[in-house]
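Just so it is clear: chains get the letters A, B, ... in the order the sequence lines come, proteins before strands, and each one is counted from 1.
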Number of protein chains: 2
Amino acid sequence: MSKAANTRLTILHKAFELIYTKGYQTTSIDEIIATTQVTKGAFYYHFKTKDEMGIAIIEEILKPTMQENFIKPTEASQNPVEDFYNMISYLLLEDPFLQVKYGCPVGNLTQEMTPWNNRFSEALAELVDLWKKKIINSIEKGKESGLIRKDVVGEQVAFFILSGYWGIRNFGKLQNDNSSYLVYLKELKVYLNGLK
Amino acid sequence: MSKAANTRLTILHKAFELIYTKGYQTTSIDEIIATTQVTKGAFYYHFKTKDEMGIAIIEEILKPTMQENFIKPTEASQNPVEDFYNMISYLLLEDPFLQVKYGCPVGNLTQEMTPWNNRFSEALAELVDLWKKKIINSIEKGKESGLIRKDVVGEQVAFFILSGYWGIRNFGKLQNDNSSYLVYLKELKVYLNGLK
DNA sequence: CATAAAAAATACTAGTTAGTATGAAAAAGC
DNA sequence: GCTTTTTCATACTAACTAGTATTTTTTATG
């Protein structure tokens, strides 16, 4: 990787970390360049504006991470109910980057940016749509193989699962411990078993 | 009401509206006093700091509103499953103040403030706890009257319902229309019927 | 009506914000 | 090696931020 490409990536990664923990609006460019040891000239060479950097984070960090970490792993499997539970459970309890205190990066950005920045909305919506489609697809396969009842509606379930995930992330933030996660996961299992 | 008490309330109401639509951090005191036509001197006479005003909004606006609008209405009823659905459906589709585009005020504040402001966390946690307890209570009553299965765990269901609500609010923001609400509500009905 | 206290108005400060202008160093192309 | 382009460094600006100091007006109370 060229040196220039490297500084660009450094900015994206460090900025993402700051934004994840502090929020987008309250993360200043001065703070980003201070922690990256990159000068303002370098920053604005790579990104025309702060928002352009924000979009780049979604496209170049969040999207690939999602693909790698919780879409691909379910690709091979055949048991949707188990997959869904494992996916959410992994994200809540085991993912080494995500922290209870700071919630879900995609959820945070959606909440913060969506009402007044269309470019963020579009980039985030695309990302979430990928995830949703993946879930719907799993359900259809499960229906074919008989692991899921025929009257289950994929889109409804997808919204229901993802909503629950985003919502419980907020509870985690509120209490700053994972006890709410554990209670939630128990009921998620009950719900998912109802799909069989 | 005294004139002073009135300006205080005006500030709280207008500030809440701004914060609901724009977020807490990005709503400036200058903006609040501009829209309220109240001077800075008046503002800082009533509130020592911006954060103190934020807490007052939670205590004096959000908490009473929640009590009035979606805790009291379920007090008389006897059918929890129906109540839960109606409560969420009302909030998502009918509440005249809440807008798809701006999500849930409590959820927004939780997401934004919780990781780094303890006073906000405590005030919000108290509010949400009231709501959660109300749901748990309804479920226990439902179990007694035979409308809900005995093996249903109240706390789990409470987390599950509230998480789903917060999460789907985020989807609404993302798409800026209530189509996701409608899909979500269908699955909520399926889930709630499973409690019978 | 006089006086004290409460409520509000005005002008200011020090710090922070995103972004720019300009020039220097590093790398690439010939 | 020389020139051009890419990459980065430094110093700056104008607007905005929460909060303060000080004075003036309004209201309550005797």
Item to check | K189(B) NZ: over 12 foreign heavy atoms closer than 6.0 Å | outcome: no
Next on the checklist: Quick check: on DNA chain D, is the nucleotide nearest K3(B) upstream (toward 5') of the one nearest D51(B), or the reverse? Name the residue that is more 5'.
Outcome noted: D51(B)
Item to check | Nucleic acid contacts - residues 8-23 of chain A versus DNA chain C, non-hydrogen atoms under 4.0 Å | outcome: none
Checklist entry - How close or far is atom P of dA27(C) from atom CG of N6(A), stated in whole angstroms? => result 13 Å
Checklist entry - Can Y85(A) and N193(A) be counted as having a side-chain donor-acceptor contact under 3.5 angstrom? => result no
Checklist entry - Looking at residues at least two apart in the chain, or sitting in another chain, which of them share a ring-ring contact (aromatic ring centres under 6.0 Å, His included) with F84(B)? => result none
Checklist entry - Under a single-linkage definition using a 4.5 Å side-chain heavy-atom cutoff for Ile, Leu, Val, Met, Phe, Trp and Tyr, are F47(A) and I55(A) assigned to the same hydrophobic cluster? => result yes
Next on the checklist: Checking L93(B) now: which residues fulfil side-chain contact (heavy atoms from CB on, under 4.5 Å) with it, not counting sequence neighbours?
Outcome noted: S89(B), N178(B), Y181(B), L182(B), L185(B)
Checklist outcome for this item: Bounded by its outermost nucleotides with an atom under 4.0 Å from a heavy atom of chain B, the footprint on DNA chain D reads dT17(D) to dT27(D)
Checklist entry - Hey, what's the ring geometry for Y191(B) with F160(A), parallel, tilted or perpendicular (30° and 60° as the breaks)? => result tilted
Checklist entry - Who pairs with K14(A) by salt bridge (charged side-chain N to carboxylate O under 4.0 Å, His left out), at least two apart in sequence or on another chain? => result none
Item to check | For atom OH of Y45(A) and atom P of dA18(C), their distance in whole Å | outcome: 22 Å
Next on the checklist: Quick one, Y24(A) with D51(A), criterion side-chain hydrogen bond (donor to acceptor under 3.5 Å, both in side chains). Give me CA distance, side-chain angles, the key distance, then yes/no.
Outcome noted: CA-CA 9 Å; Y24(A) 179 83; D51(A) 282 2; 2.6 Å; yes
Checklist entry - Out of F171(A), Y165(A), W166(A), which one pairs with W166(B) under the ring-ring contact (aromatic ring centres under 6.0 Å, His included) rule? => result F171(A)
Checklist entry - Pick from Y102(A), Y90(A), F16(A): which one makes a ring-ring contact (aromatic ring centres under 6.0 Å, His included) with F97(A)? => result F16(A)
Checklist entry - Just by modelled atom types, is the A15(B) backbone N or O under 3.5 Å from a matching donor or acceptor in the E31(B) side chain? => result no
Checklist entry - Over how many whole Å does the gap from K50(A) atom NZ to dT17(C) atom P extend? => result 9 Å
Item to check | Short side-chain N/O contact from Y44(A) to OP1 or OP2 of dG19(C), under 4.0 Å | outcome: yes
Next on the checklist: Just the rounded figure in Å: distance from P of dT20(C) to NZ of K48(A).
Outcome noted: 11 Å
Next on the checklist: Using a heavy-atom cut-off of 4.0 Å across all strands, would you classify T7(A) as base, sugar-phosphate, or nothing?
Outcome noted: sugar-phosphate
Checklist entry - Is L192(A) close to I161(A) at the side-chain level, that is, under 4.5 Å between some pair of heavy atoms? => result yes
Checklist entry - Where along residues 24-31 of chain A does a heavy atom come under 4.0 Å from DNA chain C, residue by residue in number order? => result T27(A), S28(A), I29(A), D30(A)
Checklist entry - To the nearest angstrom, how far is H46(B) atom NE2 from dA8(C) atom C1'? => result 8 Å
Checklist entry - For E52(A) and dG19(C), what is the distance between atoms CD and P respectively, to the nearest whole Å? => result 10 Å
Next on the checklist: Expressed as a whole number of angstroms, how long is the span from K40(A):NZ to dA21(C):C1'?
Outcome noted: 13 Å
Checklist entry - 5'-most contact on DNA chain D: G41(B) or Q37(A), nearest heavy atom basis? => result Q37(A)
Next on the checklist: Does S2(A) reach a base, just sugar-phosphate, or nothing at all? Heavy atoms under 4.0 Å.
Outcome noted: nothing
